[in-house]
Amino acid sequence: MGVLHGRRVLHYMSPVRFENGMFNHEADSNYKVMEKTIGWLPECHHYILVPEKHHIPDNRSNVTLLKCPYPTNAVSNRSQFNATAFLKAFDMRKIDFDFVFTHQPELLYNILVALMDRRYGEISHRFAFFHWVDCSASRGSPAIIPGYMRQLEAINLCSKFFVHSKVATDYFAANFKKSQATSIFHPFIEGKRVFMPLSSYMEKTGKEFPIPTDKPIVVFNHRWRQSTGMNRFLEYTLSLKDKYLFVVTDSTAENVPEGYCVVPKRLDSQEYAWLMKKAH
């Protein structure tokens with residue numbers, strides 16, 4: 001038996017893809033990363049706090065789905081936390097957790113305080129995954145309130161934290177160039193950092209689907225929202241429509257200008273791999 005056999009992991013998600021209030025887990029990149037962490041730990045039992053409306057299959061012996069009222073807005077997800085609903089999702093008289101894994105680092109303190117309300121002593125080990133790092137370059141609008149101090153708080157509270165690449169912590173460090181109440185200590189950050197690279201679609205075989213052009217293809221492979229840079233993408237590319245075909249992978253995208261190609265359906269991983277290989 002390994003040291004992790006039978007350990008219990010509580011996963012707090014960062015859901016961002018909702019359609020008419022229903023969580024679309026198949027199109028949610030944050031959810032896919034969470035599933036990857038579960039796949040790494042098959043000997044553990046995973047308790048996943050999932051949105052109340054979802055179609056996630058509940059068919060694994062080592063996974064328990066627990067409904068939790070997440071906000072459906074990506075920005076609100078970083079600040080809103082319903083401790084009462086969170087604690088109603090499971091009965092801590094019958095179960096406790098060895099590890100807490102949050103994909104919303106800004107809420108780690110809230111999660112731990114809620115758990116402490118039902119337990120005595122030190123709470124279990126905690127880990128955080130940074131799907132994005134808060135800095136001026138990554139905020140969709142200057143009106144969005146900076147939240148990097150909450151992220152620094154999460155790093156302090158974590159046993160380890162995960163990022164996709166080194167540039168993530170470089171962006172984070174950029175917040176501390178101005179005079180303020182605290183600074184960043186690089187050795188401490190690097191000592192807790194773990195890299196989890198993104199999946200390489202270049203390794204997949206790929207499956208062709210119709211693309212109506214012989215022009216070089218440029219792909220916008222994100223949600224079609226102002227918060228993800230859609231407006232800036234249009235600003236940069238409108239004058240280049242005669243030279244390139246710009247493909248939008250969000251099949252639900254609306255108000256896309258003429259001359260841009262929106263994929264007709266949600267691409268499966270092989271179709272997506274083919275598109276990424278074909279992209280100029």
*Asks:* Assess whether a salt bridge exists between K166 and D170, defined as any Lys/Arg side-chain N lying under 4.0 Å from an Asp/Glu carboxylate O.
*Replies:*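 Answer for the salt bridge query: yes.
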*Asks:* For L115, run the side-chain contact (heavy atoms from CB on, under 4.5 Å) check against V100, D96, N110 and tell me which one passes.
*Replies:*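 For L115, the side-chain contact (heavy atoms from CB on, under 4.5 Å) test succeeds with only one of V100, D96, N110, which is V100.
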*Asks:* Give a yes or no answer on whether the side chain of K160 reaches the backbone of V194 with a donor-acceptor pair at less than 3.5 Å.
*Replies:*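 Here the side-chain-to-backbone pair does not exist.
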*Asks:* Can you tell me which residue among Q151, R150, R139, R78 is in a side chain to side chain donor-acceptor pair (under 3.5 Å) with D134?
*Replies:*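 Answer to the side chain to side chain donor-acceptor pair (under 3.5 Å) test with D134 among Q151, R150, R139, R78: R139.
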*Asks:* Are R7 and D98 within salt-bridge range, i.e. N to O under 4.0 Å?
*Replies:*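 Yes, this pair counts.
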*Asks:* Just by distance, do the side chain of E43 and the backbone of H5 share a donor-acceptor pair under 3.5 Å?
*Replies:*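 Absent.
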*Asks:* Tell me whether I144 shares a hydrophobic cluster with V16, the cluster being built from Ile, Leu, Val, Met, Phe, Trp, Tyr side chains joined at under 4.5 Å.
*Replies:*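 No; tracing contacts between hydrophobic side chains, which count when under 4.5 Å, never links both residues.
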*Asks:* Quick check against the 3.5 Å criterion: does K207 have a side-chain atom that pairs as donor or acceptor with the backbone of S269?
*Replies:*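 Answer holds: no.
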*Asks:* Taking only residues two or more places apart in sequence or in another chain, which ones pass side chain to side chain contact (heavy atoms under 4.5 Å, CB included) with P216?
*Replies:*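 Only Y244, H280 meet the side chain to side chain contact (heavy atoms under 4.5 Å, CB included) criterion with P216.
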*Asks:* Suppose the criterion is side-chain hydrogen bond (donor to acceptor under 3.5 Å, both in side chains): which pairs have a residue in residues 47-58, not counting sequence neighbours?
*Replies:*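 The answer is none; no pair qualifies.
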*Asks:* Examine the side chains of R193 and T169 and answer whether a donor and an acceptor come within less than 3.5 Å of each other.
*Replies:*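 Looking only at side-chain atoms, T169 and R193 do form a donor-acceptor pair, the distance falling under 3.5 Å.
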*Asks:* Any donor-acceptor pair under 3.5 Å linking the side chain of Y109 with the backbone of L157?
*Replies:*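 Checked: no pair found.
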*Asks:* Do E271 and K265 sit within salt-bridge range, that is, some charged N less than 4.0 Å from a carboxylate O?
*Replies:*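 Answer for the salt bridge query: yes.
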*Asks:* Between F161 and F130, does a ring-ring contact (aromatic ring centres under 6.0 Å, His included) hold up when you go through it step by step?
*Replies:* CA-CA 7 Å; F161 71 95; F130 284 75; 5.5 Å; yes
*Asks:* Does atom CD of Q180 have more than 12 heavy-atom neighbours from other groups under 6.0 Å away?
*Replies:*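 Buried by this count: over 12 neighbours within 6.0 Å.
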*Asks:* Determine whether F195 and Y171 fall in the same hydrophobic cluster, where Ile, Leu, Val, Met, Phe, Trp and Tyr are linked whenever their side-chain heavy atoms lie under 4.5 Å apart.
*Replies:*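 Same hydrophobic cluster.
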*Asks:* What verdict does the ring-ring contact (aromatic ring centres under 6.0 Å, His included) test give for F176 and Y148, after you've listed the backbone C-alpha separation in whole Å, the side-chain angles of each residue and the deciding distance to 0.1 Å?
*Replies:* CA-CA 10 Å; F176 295 88; Y148 61 89; 5.4 Å; yes
*Asks:* Taking atom NZ as the centre, does K243 end up with more than 12 heavy-atom neighbours from other residues, nucleotides or ligands that are less than 6.0 angstrom away?
*Replies:*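 No, not enclosed.
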*Asks:* So N30 and H131, side-chain hydrogen bond (donor to acceptor under 3.5 Å, both in side chains) or not? Walk me through it.
*Replies:* CA-CA 7 Å; N30 293 1; H131 293 276; 3.2 Å; yes
*Asks:* Can you tell me which residue pairs pass the salt bridge (charged side-chain N to carboxylate O under 4.0 Å, His left out) test with a partner in residues 210-231, sequence neighbours excluded?
*Replies:*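 Residue pairs with at least one partner in residues 210-231: R225-D250.
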*Asks:* In terms of the angle between their ring planes, are F129 and F162 parallel, tilted or perpendicular, with boundaries placed at 30° and 60°?
*Replies:*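 Rings of F129 and F162: parallel, as their planes differ by under 30°.
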*Asks:* Ring centroids only, cut at 6.0 angstrom: are F188 and H186 within range, meaning strictly under it?
*Replies:*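 Not under 6.0 Å, so no.
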*Asks:* Taking atom types as modelled and ignoring hydrogens, do the side chains of S14 and Y31 form a donor-acceptor contact shorter than 3.5 angstrom?
*Replies:*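 Not at all, the side chains of S14 and Y31 share no donor-acceptor pair under 3.5 Å.
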*Asks:* Could you check, using the six-membered ring where one of them is a Trp, whether F23 and Y70 have ring centers closer than 6.0 angstrom?
*Replies:*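 So the answer is no for these two rings.
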*Asks:* Salt bridge check, E35 against R60: does any charged N sit closer than 4.0 Å to a carboxylate O?
*Replies:*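 So R60 pairs with E35 through a salt bridge.
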*Asks:* How about E254: does its CD atom have over 12 heavy atoms from other parts shown lying under 6.0 Å from it?
*Replies:*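 Open.
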*Asks:* Have T64 and H46 got a donor and an acceptor in their side chains that come within less than 3.5 Å?
*Replies:*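 Judged by distance alone, the side chains do not pair up.
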*Asks:* For I211, does its backbone N or O pair with a side-chain atom of K278 as donor and acceptor, under 3.5 Å?
*Replies:*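 Such a contact is absent between K278 side chain and I211 backbone.
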*Asks:* Quick check on the hydrophobic clustering: are V50 and I111 connected, directly or via other members, by side-chain heavy-atom contacts under 4.5 Å?
*Replies:*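 Same hydrophobic cluster.
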*Asks:* Given 3.5 Å as the limit, does a donor-acceptor pair link the side chain of H164 with the main chain of M196, or not?
*Replies:*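 At least one qualifying donor-acceptor pair exists.
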